[in-house]
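The structure appears right after this line, and notes come after that.
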There are 2 protein chains.
Amino acid sequence: MPDFAEPLARLIQEFKRLPGIGQKSAQRLAFHVLRTDRENAQRLATALLDVKDNLGLCSVCNNISDGDLCPFCRDPTRDHSVICVIEEPHAVLPIETTRQFSGLYHVLHGSISPLRGIGPDKLRIKELLARMEGTDVQEIILATNPTVEGEATAVYLSRLLKPLGVRVTRIAMGIPVGSDLEFADEVTMSKSLENRREM
Amino acid sequence: MPDFAEPLARLIQEFKRLPGIGQKSAQRLAFHVLRTDRENAQRLATALLDVKDNLGLCSVCNNISDGDLCPFCRDPTRDHSVICVIEEPHAVLPIETTRQFSGLYHVLHGSISPLRGIGPDKLRIKELLARMEGTDVQEIILATNPTVEGEATAVYLSRLLKPLGVRVTRIAMGIPVGSDLEFADEVTMSKSLENRREM
């Protein structure tokens, strides 16, 4: 005997496919949908399909965009001489939140990972070189993740870009602000020492 | 400048309306939808609306049902002489999981709460009395929640049902199995002592 009526069981099943949603959370969400107005369910359903139907990639930076150019690339007030290279579109938010960066982005859509068969040709690196041609890009900030893959990608890119005469920088790795040295892992601590600055 | 393209921002907004989903989780879910096949998004969207469009309440027990009778009420192998009274439909699952109960359910859709203006007339109590007429119900198990409201509802129902000559029982409250007395709150510990059994 099924515990739930079929449509409810199916909704629970679909919620469970989402990352970080287990059986209990899926049930809670499904029962919430059951209790809520049809209008709310309709809005979520529409939003789900709109994301699939109305979003593409920016033709310049490969960020997610609802038009040919993303809001960053079409904004003349942004500094078009600095490009911040990131692995995935969701890296934009933490960087924008700092309000410290006013340049453009370039989304690689991945990182070099020989183990998973991802070579430089699978990333949007050609597109980065192409967009630099004929423009006055002064600096490329490599903001790939501080992981083995992200680091490898940064090293690869810096070797590729430096000969073009552009300044290539890498975001700093170290102890997170507000943290305690007690909880720092060996690699982070060593990076933190290595990247020490004069005071 | 918005951090996300409009359809993505809207999906994040809609995910955030769900219980237990904050900004970060909503972003993770929305980016997952963005990466996944359109088919997956379509299935979730359809499941959301199906739940609103194709589910109603069982005409006998008020459980969620995709037909006039829920799977429990239309199953002749269930014990129709025992009715377990619960507050909400989601209470069915923990009870069914025990595989110890083979009777029927009755869903009240709430509990008596004078503070929130919910009196006995707002619950499906009339329907419980109506379904007992002309049948041979032997026992009513009151499985409302062990809260002030659930307890008040149980007391109210037992006063109503006992004169009808039916056996009325209440699920046991006490220390959860696998727990430690150290973590038991005062009220639970006192219930646990009160409900002690001969060994």
Side-chain angles (χ1 to χ4, degrees), chain A residues 1-15 17-21 25 27-56 58 63-67 70-72 75 77-78 88-90 92-93 96-97, chain B residues 1-15 17-21 25 27-56 58 63-67 70-72 75 77-78 88-90 92-93 96-97:
Chain A
M1 152 116 28
D3 294 315
F4 299 113
E6 200 276 327
L8 188 61
R10 195 146 38 82
L11 181 57
I12 293 172
Q13 206 54 44
E14 291 303 327
F15 271 130
R17 290 170 185 275
L18 298 175
I21 309 274
S25 304
Q27 280 169 219
R28 200 181 51 202
L29 294 174
F31 275 106
H32 170 84
V33 170
L34 203 61
R35 272 193 305 269
T36 193
D37 292 341
R38 188 184 191 285
E39 191 195 325
N40 286 321
Q42 177 70 67
R43 269 207 313 272
L44 175 54
T46 308
L48 278 163
L49 297 178
D50 270 6
V51 155
K52 302 310 291 183
D53 294 338
N54 299 329
L55 284 184
C58 171
N63 193 3
I64 293 152
S65 175
D66 52 356
C70 76
F72 300 103
D75 183 352
T77 69
R78 305 277 302 195
E88 300 288 348
H90 55 237
V92 167
L93 190 67
E96 284 299 301
T97 313
Chain B
M1 151 118 26
D3 294 316
F4 299 113
E6 200 277 325
L8 189 60
R10 194 146 38 82
L11 182 57
I12 292 171
Q13 206 54 43
E14 291 303 326
F15 272 131
R17 290 171 185 273
L18 298 175
I21 308 274
S25 304
Q27 280 170 220
R28 201 182 50 205
L29 293 175
F31 275 106
H32 170 83
V33 171
L34 202 62
R35 273 193 305 269
T36 194
D37 292 341
R38 188 183 189 284
E39 192 196 324
N40 286 322
Q42 177 70 68
R43 270 209 313 272
L44 176 53
T46 309
L48 278 163
L49 296 178
D50 271 6
V51 155
K52 303 308 291 181
D53 295 337
N54 298 328
L55 284 184
C58 171
N63 192 2
I64 292 152
S65 175
D66 51 354
C70 76
F72 300 104
D75 183 352
T77 68
R78 303 281 299 198
E88 298 290 348
H90 55 236
V92 166
L93 190 67
E96 284 299 300
T97 314

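Reminder, nothing fancy here: chain letters follow the sequence lines and each chain counts from 1.
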Among [options], which residue has the highest count of heavy-atom pairs closer than 4.5 Å to chain A?
{"options": "Arg28(B), Arg17(B), Glu6(B)", "answer": "Arg17(B)"}
{"options": "Val51(B), Asp37(B), Leu8(B), Leu29(B)", "answer": "Val51(B)"}
{"options": "Leu44(B), Asp66(B), Ile12(B)", "answer": "Leu44(B)"}
{"options": "Ile64(B), Val92(B), Thr46(B)", "answer": "Ile64(B)"}
{"options": "Asn54(B), Thr36(B), Asn40(B)", "answer": "Thr36(B)"}

* Asked: In terms of heavy-atom pairs under 4.5 Å with chain B, which of Cys70(A), Ala47(A), Ala30(A) leads?
  -> Ala47(A)
* Please name the pair of heavy atoms, one in Ser65(B) and one in Cys58(B), separated by the smallest distance, quoted to 0.1 Å. => CB-N, 3.8 Å
* Asked: What is the minimum heavy-atom distance between Asn63(A) and Pro89(A), and which atoms define it?
  -> OD1-CB, 3.7 Å
* Side-chain donor-acceptor contact under 3.5 Å, Thr77(B) with Asp75(B) -> yes
* To do: Indicate whether any N or O donor in one side chain lies under 3.5 Å from an N or O acceptor in the other, for Gln42(A) and Arg38(A).
  => yes
Non-hydrogen side-chain atoms of [X] and [Y] separated by less than 4.5 Å:
{"X": "Leu48(A)", "Y": "Leu11(B)", "result": "yes"}
{"X": "Arg10(B)", "Y": "Phe4(B)", "result": "no"}
{"X": "Val33(A)", "Y": "Phe15(A)", "result": "yes"}

Is it the backbone or the side chain of [X] that comes under 4.5 Å from a heavy atom of chain A, or both, or neither?
{"X": "Leu93(B)", "answer": "side chain"}
{"X": "His90(B)", "answer": "both"}
{"X": "Leu55(B)", "answer": "side chain"}
{"X": "Asp53(B)", "answer": "side chain"}
{"X": "Ile21(B)", "answer": "side chain"}

* Donor-acceptor contact below 3.5 Å, side chain Lys52(A) vs main chain Leu34(B) -> yes
